[in-house]
Amino acid sequence: MNQRWFAVLGAGFFIVPVIIIAALGTVPTKNAIVTAGFVLVPLSGILSILGGLGVSRGNFEWYQFVGLSNAMFGFWFVAYAISVILSDPSEFSSVFSLATVGLGCLSLGLIGIDWLIGAPHFDVESYEG
């Protein structure tokens with residue numbers, strides 16, 4: 001995967017919530033976690049765009065921007081999945097689906113932390129170029 005794809009993914013993370021807010025005319029306030037998502041997901045998108053464009057600032061490398069983006073999105077989605085499961089645990093299939101997606105996003109968050117601390121478990125040079 002080329003590093004620039006992180007910028008494309010980040011653009012999607014930024015654009016989709018902004019379009020939803022523009023269409024509704026307000027930030028959805030179903031619960032605090034949903035509202036937080038309309039702040040964290042676009043911010044995650046901006047960080048991913050910066051990483052995908054190869055931006056480095058001081059000791060903060062491009063892959064650390066992507067790592068922070070992944071961690072923010074992954075952990076926010078885990079919180080969202082838990083809140084949905086706790087609010088209506090009666091439907092097993094939806095609970096199973098959300099739990100599965102939540103575990104997947106937890107792994108995304110943990111990968112993001114790995115990249116944030118310098119990527120000791122990943123070869124980030126394979127993404128460059």
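Side chains are part of it too, since the values below use all heavy atoms of this structure and drop only hydrogens, waters and symmetry mates.
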Colleague: Does some side-chain heavy atom of Phe60 sit less than 4.5 Å from a side-chain heavy atom of Val55?
Modeller: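 Val55 vs Phe60: side chains apart.
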
Colleague: Roughly how far, to the nearest 0.5 Å, is the CG atom of Leu110 from the CG atom of Leu106?
Modeller: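 One gets 4.5 Å once the value is rounded to the nearest 0.5 Å.
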
Colleague: For a 4.5 angstrom cut-off between non-hydrogen side-chain atoms, does Cys105 reach Val101?
Modeller: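 Yes, their side chains come closer than 4.5 Å.
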
Colleague: Can you name the closest pair of heavy atoms from Gly102 and Ala81 and give their distance?
Modeller: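 Closest approach of Gly102 to Ala81, heavy atoms only: CA-CB, 4.2 Å.
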
Colleague: May I have the list of side-chain donor-acceptor pairs in residues 9-27 shorter than 3.5 Å, sequence neighbours left out?
Modeller:
none

Colleague: For Ala99, give me all partners under side-chain contact (heavy atoms from CB on, under 4.5 Å), at least two apart in sequence or on another chain.
Modeller: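 Once residues adjacent in sequence are excluded, the partners of Ala99 under the side-chain contact (heavy atoms from CB on, under 4.5 Å) criterion are Ile85.
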
Colleague: Apply ring-ring contact (aromatic ring centres under 6.0 Å, His included) to Phe38 and list each qualifying residue two or more places apart in sequence or on a separate chain.
Modeller: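 Result, ring-ring contact (aromatic ring centres under 6.0 Å, His included) vs Phe38: none returned.
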
Colleague: Quick one: side chain to side chain donor-acceptor pair (under 3.5 Å) partners of Ser48, sequence neighbours excluded?
Modeller: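 Partners of Ser48 by the side chain to side chain donor-acceptor pair (under 3.5 Å) criterion come out as none, since no residue qualifies.
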
Colleague: Please tabulate, for the side chains in residues 63-77, all donor-acceptor contacts under 3.5 angstrom to protein atoms that are two or more places apart in sequence or on a different chain.
Modeller:
{"from": "Gln64", "atom 1": "OE1", "to": "Glu61", "atom 2": "N", "distance (Å)": "2.7"}
{"from": "Gln64", "atom 1": "NE2", "to": "Leu116", "atom 2": "O", "distance (Å)": "2.9"}
{"from": "Ser69", "atom 1": "OG", "to": "Ser44", "atom 2": "O", "distance (Å)": "2.7"}
{"from": "Ser69", "atom 1": "OG", "to": "Ser44", "atom 2": "OG", "distance (Å)": "2.8"}
{"from": "Trp76", "atom 1": "NE1", "to": "Ile33", "atom 2": "O", "distance (Å)": "2.8"}

Colleague: Run the side-chain contact (heavy atoms from CB on, under 4.5 Å) test against Leu86 and tell me which residues pass, sequence neighbours left out.
Modeller: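 Checked Leu86 against side-chain contact (heavy atoms from CB on, under 4.5 Å); matches are Ile82.
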
Colleague: With distance as the sole test, does Asn31 use its side chain to make a donor-acceptor pair with the main-chain N or O of Val34 at under 3.5 Å?
Modeller: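 Indeed, once roles are kept as given, a pair shorter than 3.5 Å links the two residues.
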
Colleague: Applying side-chain contact (heavy atoms from CB on, under 4.5 Å), name anything that partners Asn59, two or more places apart in sequence or on another chain.
Modeller: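 Residues passing side-chain contact (heavy atoms from CB on, under 4.5 Å) with Asn59: none at all.
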
Colleague: Treating Gln3 as the side-chain partner and Leu53 as the backbone partner, does any N or O pair qualify as donor plus acceptor under 3.5 Å?
Modeller: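 No.
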
Colleague: Among pairs that include at least one residue of residues 104-118, which meet side-chain hydrogen bond (donor to acceptor under 3.5 Å, both in side chains), considering only residues two or more places apart or in two chains?
Modeller: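 For residues 104-118, and leaving out neighbouring residues, the side-chain hydrogen bond (donor to acceptor under 3.5 Å, both in side chains) pairs sorted by first residue read Asp114-His121.
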
